[in-house]
Number of protein chains: 2
Amino acid sequence: MPVSIQDVADRANVSISTVSRVLNRRNIVNQETRKRVESAISDLGYSPNVFARGLMLRKSHILGLVLPDLHGEFYSEVIRGANLRARELGYNLMISSIVAKDDGSELMAAVGDHGLVDGLAVMISEVNARTRATLEKIKIPLVVLDGDVDGVKHDSVVIDQRTGVVALLRHLIEDCQARRIVFVGGLETNIDTIERLDAYREVTADAGIEVTASDVHHLDYQYDTAFELGVKKVREWARRRAAVFAANDEMAAGIIDAALAAGLSTPDDLPVVGFDDTRVATMTRPRLTTVRVPMSSMGAAAIDLLCQRIENPKRPAVKLSLETELVVRESCGAPSAITS
Amino acid sequence: MPVSIQDVADRANVSISTVSRVLNRRNIVNQETRKRVESAISDLGYSPNVFARGLMLRKSHILGLVLPDLHGEFYSEVIRGANLRARELGYNLMISSIVAKDDGSELMAAVGDHGLVDGLAVMISEVNARTRATLEKIKIPLVVLDGDVDGVKHDSVVIDQRTGVVALLRHLIEDCQARRIVFVGGLETNIDTIERLDAYREVTADAGIEVTASDVHHLDYQYDTAFELGVKKVREWARRRAAVFAANDEMAAGIIDAALAAGLSTPDDLPVVGFDDTRVATMTRPRLTTVRVPMSSMGAAAIDLLCQRIENPKRPAVKLSLETELVVRESCGAPSAITS
DNA sequence: TACTCCACTGAAAGCGCTGTCACCATTAAA
DNA sequence: TTTAATGGTGACAGCGCTTTCAGTGGAGTA
């Protein structure tokens, strides 16, 4: 059933070598011969066998993308960006998900098909010794997304969260007169939470804002848990004239709703800001002041880096940092909120 | 660098045939020999070359998933479901996106890599002659998602939207006393819109509710356009004591906000219901009464069907219909809204 | 003893492709 | 006229694997 290069060769009265040459646009093939071969190809609807080709060239034109879970807008946007760019560059995309708190075994399994993919983009939300060890075993072009794993030489795409947090909190402090800021983050081991918390501590310290242990909360990035926390805390926070910096929009939404449930209003009684600028950021009332994270660009950048390395394996490792953007809406209580 | 079957054979002092037999668990290999081979394999960290294997077996263990665009929760959930199930069944997933209103050329391109994938799950939101023709050309196991393409013999996974719409509108009519229902859908050519509109006409007819041409609107499934339409129409709708059935949650949210902007409230002045039960359904105030669509199950089911057909190509085509579920919240104005 | 049978193993033939090499006309250069 | 260069082509050796077929040696049977 499948038509092979031999069939094409027979129909065009040439050898398979010539067909191969036409296919690969190399060496010189006579105009007429090429025409004959080309029409034979289209007549037969021939397309080269991927495996035979891969066997010879040791290239599959498949890129792997490994993500922790596949929930939510963040991941789907990364996939979208990666997919589009991969297509542009003539690659296919293979997706695998691993659980967020992976001990390395899932990562290993997902990565198992070395030799199938020409390169691998891996996003790890928690870096530990196991994942590190697994990454080191990977011998094909590798890009680490949203996390720089020390001790492993590889390309990486990170988001410049620090700048985003700084802009966001400065806005809260300078434009919204916040004198106290509560931090609501994800798990303490989460890579994004760590970065955002660091930046938070830095900005507050700079501004002379006191941060006590009870000002820092570690949840799980979900609306519900943030809501629960909020139910217990919003009155106290409001009393202390604090603003809330949630490390993602979902949690910010949970806090806003908890405040509302407690009879408080945002931003008057309790300013709240989020992070990521996902769909929920414009669904809350008031809408969220947040930081836009270039999610799909991240996917695209990863693919770019991967392809560059495939073409030039010797190139020194690159760390690409993507800009974020402060998006001011109403939840922060800024006097002149910019509509966006 | 890459270790081949020959290396393993050398190290275990056997022929490559024996190694292959150990690998494929077939024929009988002596216990001791097998042990030797197995330890050679793990010593060398050998794993068979995917291409050589594919070349022989004509199987890649890769499944393709082609989706229209990759925006939004719907698609990411489908991917998630498909990915998980594929993993369970020992397959890899390759993703491609095509534009929603594809003329068939993108689909063809996405599908071009026949021979790479063992099977293909395709979701088409608009069926036309071109896409139909393209689908007919596909000679590998094929599952069509969310749309039955007549004239093409294939497996399909559909959502029983009709039942969902019936339950939703009956609820609106019987429990919420709606005497008039406005339909806001996607493009007229959109496959989901067509089904939902059909069911809408049926239910309204059954209930003796009059539907004029101006009661049916075709937008694009986006919040913004629904909001714009709402701005122009909500007063009129409210005056006529109509309820709004939006064909997805995003548009329902847009209408609710338009009503609010016009000084009207949902559900008192204008009941609104949505469809899909995505994240936004619980972000609106009031929260949306809507129909839950099993998005990730859809992806999983597609993979199931694909694998079944790969195992048994002769099996007659199957059409799998997935159940939806009415989710009653507050936007419909039901007297006793069930919290969900 | 001679034969068959059986458990096990190796040699070798491809799978469909790419790439090297040799070859054959021509034509240009010596 | 001989030699070399050049455009164009085919033969063929793999790539790493699976699978068929043909042993091989020892146990069982006549």
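From a predicted model like this one, the values you see are computed outputs, not experimental measurements. Chain identifiers are assigned alphabetically (A, B, ...) following the order of the sequence lines, protein sequences preceding nucleic acid strands; residue numbering begins at 1 within each chain.
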When we call it a touch if two heavy atoms are under 4.0 Å apart, what does B/S4 touch: a base, just sugar-phosphate, or nothing?
sugar-phosphate
Hey, are the side chains of A/V22 and A/V8 touching, using non-hydrogen atoms and a 4.5 Å cut-off?
no
Any residue meeting side-chain hydrogen bond (donor to acceptor under 3.5 Å, both in side chains) with A/D10, in chain and number order, not counting sequence neighbours
A/Q6
I'd like a list of close polar pairs between nucleotides 26-28 of chain C and the protein, N/O only, cut-off under 3.5 Å.
none

Do A/R21 and A/S17 have side-chain heavy atoms sitting under 4.5 Å apart?
yes
Among C/dT18, D/dC17, C/dC17, the one nearest any side-chain atom of B/I5 is D/dC17
Does A/D118 use its side chain to pair, donor to acceptor, with the backbone of A/S60 at less than 3.5 Å?
yes
Under 3.5 Å: donor-acceptor pair, side chain of A/R309, backbone of A/R315
yes
Flag, side chain of A/N24 to backbone of A/S20, donor-acceptor distance under 3.5 Å:
yes
What does the list of N/O pairs under 3.5 Å between the protein and nucleotides 11-15 of chain C look like, with a distance for each?
| from | atom 1 | to | atom 2 | distance (Å) |
| --- | --- | --- | --- | --- |
| C/dA11 | N7 | B/S17 | OG | 3.3 |
| C/dA11 | N6 | B/S17 | OG | 2.8 |
| C/dC15 | O3' | B/R58 | NH2 | 2.6 |

Quantified as the angle between the terminal helix axes (five pairs each), what is the overall bend of the helix from C/dT1-D/dA30 to C/dA30-D/dT1 to 10 degrees?
60°
With sequence neighbours excluded, residues passing side-chain hydrogen bond (donor to acceptor under 3.5 Å, both in side chains) with A/K59:
A/Y91
Sorted by chain and number, sequence neighbours left out, side-chain hydrogen bond (donor to acceptor under 3.5 Å, both in side chains) with B/D304 holds for B/R85
Below 4.5 Å, heavy atoms only, C-beta onward: do A/I95 and B/L65 meet side chain to side chain?
no
Using 4.0 Å as the upper bound for N to carboxylate O, is an ion pair formed by A/E38 and A/K35?
no
